[in-house]
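Heads up: the structure comes next, in structure tokens.
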Amino acid sequence: MVDETRVHSARRYNYWLGGKDNFAVDRESGDQIAAVFPTIRVTARENRGFLRRAVTHLTAEAGIRQFLDIGTGLPTADNTHEVAQRLAGEARVVYVDNDPMVLAHARALLTSTPEGRTAYLEADLREPEKILADPAVRDVLDFDRPIALMLIAVLHFIDDTDEARRIVRTLLDALPAGSYLVLSHGTSDYADAETHARFAAMATRGAIDAWPRTRDEVRSLVDGLDLLEPGIAPVNEWRAEGEAGPRPTAAEVAVYGLVARKP
Ligand SMILES: C[S@@+](CC[C@H](N)C(=O)[O-])C[C@H]1O[C@@H](n2cnc3c(N)ncnc32)[C@H](O)[C@@H]1O
């Protein structure tokens, strides 16, 4: 059930992206975070740009035709299947999110090309085994062929790093060699002392639901995988040479991105 009284990260992110699918409680939380980190809307846009470039690369250059996108978010411009199917109509995408509001809007994620397929599953990233075993996932994705696992701005909602590592490992273990992981993850590596202190104060009041990680912690999540160039980079810098206009700094964005291949 959609709960209008509790903050949901999907709706708050939709608010930062300029969408209309959010409630007062989400906007309030979004404004509180923006008071501490004023460039959060730039962060959200840059994160979407990273998603678009990573999916474009995997579809156009790496021949990937299957995507498992966990922590999908509310539909917006350039959803994963739209980016992939623009380049390869036969691409298949399974979307997974645990927010009932995303389920309510899932029709916009199911606009597949006739030759491709999309599906939506309401499930929790904390239960990767359930996701992998779900008939909808098995029906759409062929686990004998490479799959790109997308964990875009979702893993930082798992506070325990060992648990985050277990989740990534469980999901990747089920995928064949030649599969990929696309990951973006919030970081406080670029924050100044004042921002650190403000976030710590918010965490103490219980006003934080996302847990930034350092570059080394992010690296530990992808142990054993081959990182594509340029490795772990701020999302605004990841293969962004073609992006127009003045570019934000890593400190303004504060999200790492990477694409890695399972050997
Ligand atoms: C910041 S949004 C990112 C959306 C999209 N991946 C993007 O990067 O544009 C995070 C999404 O992850 C979802 N999410 C958070 N925790 C989750 C969990 N434990 N299981 C599944 N989805 C989760 C939220 O509902 C939200 O839609």
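Ligands are counted one by one from 1 in listed order, and the atoms in each one are counted from 1 as well. Note that the numbering runs from 1 along the sequence shown for the chain.
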Select the closest option to atom 17 (C) of ligand 1 among Asn98, Asp97, Leu121, judged by heavy-atom distance.
Asn98

With nothing but distance in play, are any N or O atoms of Asp69 less than 3.5 Å from an N or O of ligand 1?
no

Between the side chains of Asp142 and Arg92, is the shortest nitrogen-to-carboxylate-oxygen separation below 4.0 Å, so that they form an ion pair?
no

Atoms of ligand 1 less than 4.0 Å from Asp99 heavy atoms?
25 (O)

Students should be able to answer this: which protein heavy-atom is nearest to atom 5 (C) of ligand 1, and at what distance?
Thr72 O, 3.1 Å

To atom 3 (C) of ligand 1, the nearest of Val154, Ile158, Leu51, Ile152 on a heavy-atom basis is Ile152

Ligand 1 contact on Ala123 by region, counting heavy-atom pairs under 4.0 Å:
backbone

Side chains of Arg11 and Leu74: does their closest heavy-atom pair fall under 4.5 Å?
yes

In the protein, what heavy atom is nearest to atom 19 (N) of ligand 1, and what distance, to one decimal place, separates them?
Asp124 OD1, 2.8 Å

Of the listed options (Ala153, Gly73, Gly71, Pro128), which comes nearest to atom 6 (N) of ligand 1 when hydrogens are ignored and any heavy atom counts?
Gly71

Counting heavy atoms under 4.0 Å, the part of His8 that contacts ligand 1 is neither

A student checking ligand 1 against Ala10 at a 4.0 Å heavy-atom cut-off should list atoms 25 (O), 26 (C), 27 (O)

Among all the protein's non-hydrogen atoms, which is closest to atom 24 (C) of ligand 1, and how far away is it?
Ser9 OG, 3.2 Å

Near Arg48, which atoms of ligand 1 are under 4.0 Å from a heavy atom of that residue?
5 (C), 7 (C), 9 (O)

Please list the nearest protein heavy atom to atom 7 (C) of ligand 1 with its residue and the distance rounded to 0.1 Å.
Tyr13 OH, 3.3 Å

Please confirm whether Arg239 makes a cation-pi placement over Phe50, using NZ or CZ under 6.0 Å from the six-membered ring centre and within 45° of the ring normal.
no

Taking the side chain as every heavy atom from C-beta outward, state whether Glu46 and Val255 have any atom pair closer than 4.5 Å.
no

Nearest heavy-atom neighbours spanning Val83 and Arg52:
CG1-O, 3.8 Å

Can you sort out which atoms of ligand 1 are near Arg126, meaning under 4.0 Å from one of its heavy atoms?
19 (N)

Step by step, work out the side-chain hydrogen bond (donor to acceptor under 3.5 Å, both in side chains) result for Asn79 and Tyr95.
CA-CA 10 Å; Asn79 301 298; Tyr95 292 109; 5.4 Å; no

Working for side-chain hydrogen bond (donor to acceptor under 3.5 Å, both in side chains), residues Thr111 and His81:
CA-CA 8 Å; Thr111 56; His81 76 283; 2.9 Å; yes

Minimal heavy-atom distance between Ser184 and Ile152, with the atoms involved, is OG-CG2, 3.3 Å

What protein heavy atom sits nearest atom 8 (O) of ligand 1, and how far away is it?
Asn47 ND2, 2.7 Å

Do Thr195 and Tyr190 have side chains that get closer than 4.5 Å, going by heavy atoms?
no

Quick one: which ligand 1 atoms are inside 4.0 Å of a heavy atom on Phe157?
10 (C), 15 (C)

Apply salt bridge (Lys or Arg N to Asp or Glu O under 4.0 Å) to the pair Asp31 and Arg41, showing each step before the final yes or no.
CA-CA 10 Å; Asp31 288 343; Arg41 290 176 183 81; 3.7 Å; yes

Only one of Arg45, Arg86, Arg48 passes salt bridge (Lys or Arg N to Asp or Glu O under 4.0 Å) with Asp78, and that residue is Arg86

Give the residue and atom name of whichever protein heavy atom lies nearest to atom 20 (N) of ligand 1, and the separation in Å to one decimal.
Leu125 N, 2.8 Å

